[in-house]
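The block underneath contains the structure these notes are about, expressed in structure tokens.
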Amino acid sequence: MAFHAIRFPLDIALGARGGPERRTDVVTLAGGGEQRNGRWQHSRRRYNAGYGVKSRADMAAVLAFFEERRGRLHGFLWRDGLDHSSGGPVPLPTDQLIGTGDGSRTSFQLTKRYGASFDPYLRPISKPVAGSVRVAVAGVERTSGWSVSSTTGVINFAVPPASGAAITAGFLFDVPVRFDTDRLDVELTSFDGAEAPSIPLVEILP
């Protein structure tokens, strides 16, 4: 298996449905109370691209994409229309706190924070969009002296940031996914119409 750094057709992805999934065990006790245990540290996203297919041309594009990925074998990039930015439409270098300098550390993982101060979830971002990442140290944007991996989302500084300095970043990102089926069930509804009610995709976690 391999990962193909190519994005699923954007015009079809915009009509898809899906979102994050969690895995929680819930045990009902004899007295009626509950014990709950979250089995996954990170959420996993699932999508159905079938809702985005509007024409025969769309279906042909999906078919070619599916065959080149060999069904479930190879992963690829997916643009989540709702959640693909560190902040607003244009990333700012202060959007997300990704770490604090200690005078020796040079590597920091891109992350996105969900929620406020009660129990925020920090989601690792492994597939930033090339050219979209902006970085600041202690509130001052750095335009050089660092690099970012497009395959892991790890930022590497040439010189360690000073101790206590806040490391922040802004970025656009894709979701690494694969098809969650080895079969496409296609229906030609008219001369220029086609449907595939179920084209399931699932996020690939590290």
Do the side chain of Asp182 and the main chain of Arg72 share a donor and acceptor less than 3.5 angstrom apart?
-> yes

Separation of Arg79 CZ from His84 NE2 (nearest 0.5 Å) | 5.0 Å

Do Val137 and Trp146 pass the side chain to side chain contact (heavy atoms under 4.5 Å, CB included) test, and can you show the C-alpha distance, the side-chain angles, and the key distance before you say yes or no?
-> CA-CA 11 Å; Val137 177; Trp146 60 273; over 6 Å; no

Residue pair Pro91 / Leu172, side-chain heavy-atom distance below 4.5 Å = yes

Starting from the C-alpha separation in whole Å, work towards a yes-or-no answer on side chain to side chain contact (heavy atoms under 4.5 Å, CB included) for Val202 and Arg44.
-> CA-CA 7 Å; Val202 62; Arg44 190 180 199 186; 3.4 Å; yes

Hey, does the side chain of His74 reach the backbone of Ala2 with a donor-acceptor pair shorter than 3.5 angstrom?
-> yes

At what distance, to the nearest 0.5 angstrom, does OG of Ser132 lie from CZ of Phe173?
-> 10.0 Å

Going by an N to O cut-off under 4.0 Å, is there a salt bridge joining Arg178 and Asp180?
-> yes

State, with a plain yes or no, whether a side-chain heavy atom of Asp174 is found less than 4.5 Å away from one of Trp78.
-> no

Gap between atom CH2 of Trp40 and atom CG of Leu205 - 0.5 Å precision = 7.5 Å

Are any of the side-chain heavy atoms of Arg134 and Leu92 separated by less than 4.5 Å?
-> yes

Does the side chain of Ile12 reach to within under 4.5 Å of the side chain of Phe65, using non-hydrogen atoms?
-> no

Do Pro200 and Tyr47 come within less than 4.5 Å of each other through their side chains, counting heavy atoms only?
-> no

Do the non-hydrogen side-chain atoms of Arg113 and Pro120 ever get within less than 4.5 Å of each other?
-> yes

Distance from Tyr121 atom OH to Asp119 atom CG, nearest 0.5 Å?
-> 12.0 Å

Using atom types as modelled and distance alone, determine if a side-chain donor or acceptor of Gln96 lies under 3.5 Å from a backbone N or O of Ser86.
-> yes

Could you name each residue pair satisfying side-chain hydrogen bond (donor to acceptor under 3.5 Å, both in side chains) that touches residues 21-30, not counting sequence neighbours?
-> Glu21-Arg46

Would you give me the side-chain donor-acceptor pairs under 3.5 Å for residues 122-130, sequence neighbours excluded?
{"from": "Arg123", "atom 1": "NH1", "to": "Asp83", "atom 2": "OD2", "distance (Å)": "3.2"}
{"from": "Arg123", "atom 1": "NH1", "to": "Tyr114", "atom 2": "OH", "distance (Å)": "2.9"}
{"from": "Lys127", "atom 1": "NZ", "to": "Thr151", "atom 2": "O", "distance (Å)": "2.9"}

The reported gap from CD1 in Ile155 to CG in Leu110 (rounded to nearest 0.5 angstrom) is 4.5 Å

Roughly how far, to the nearest 0.5 Å, is CZ of Phe157 from CZ of Phe108?
-> 6.0 Å

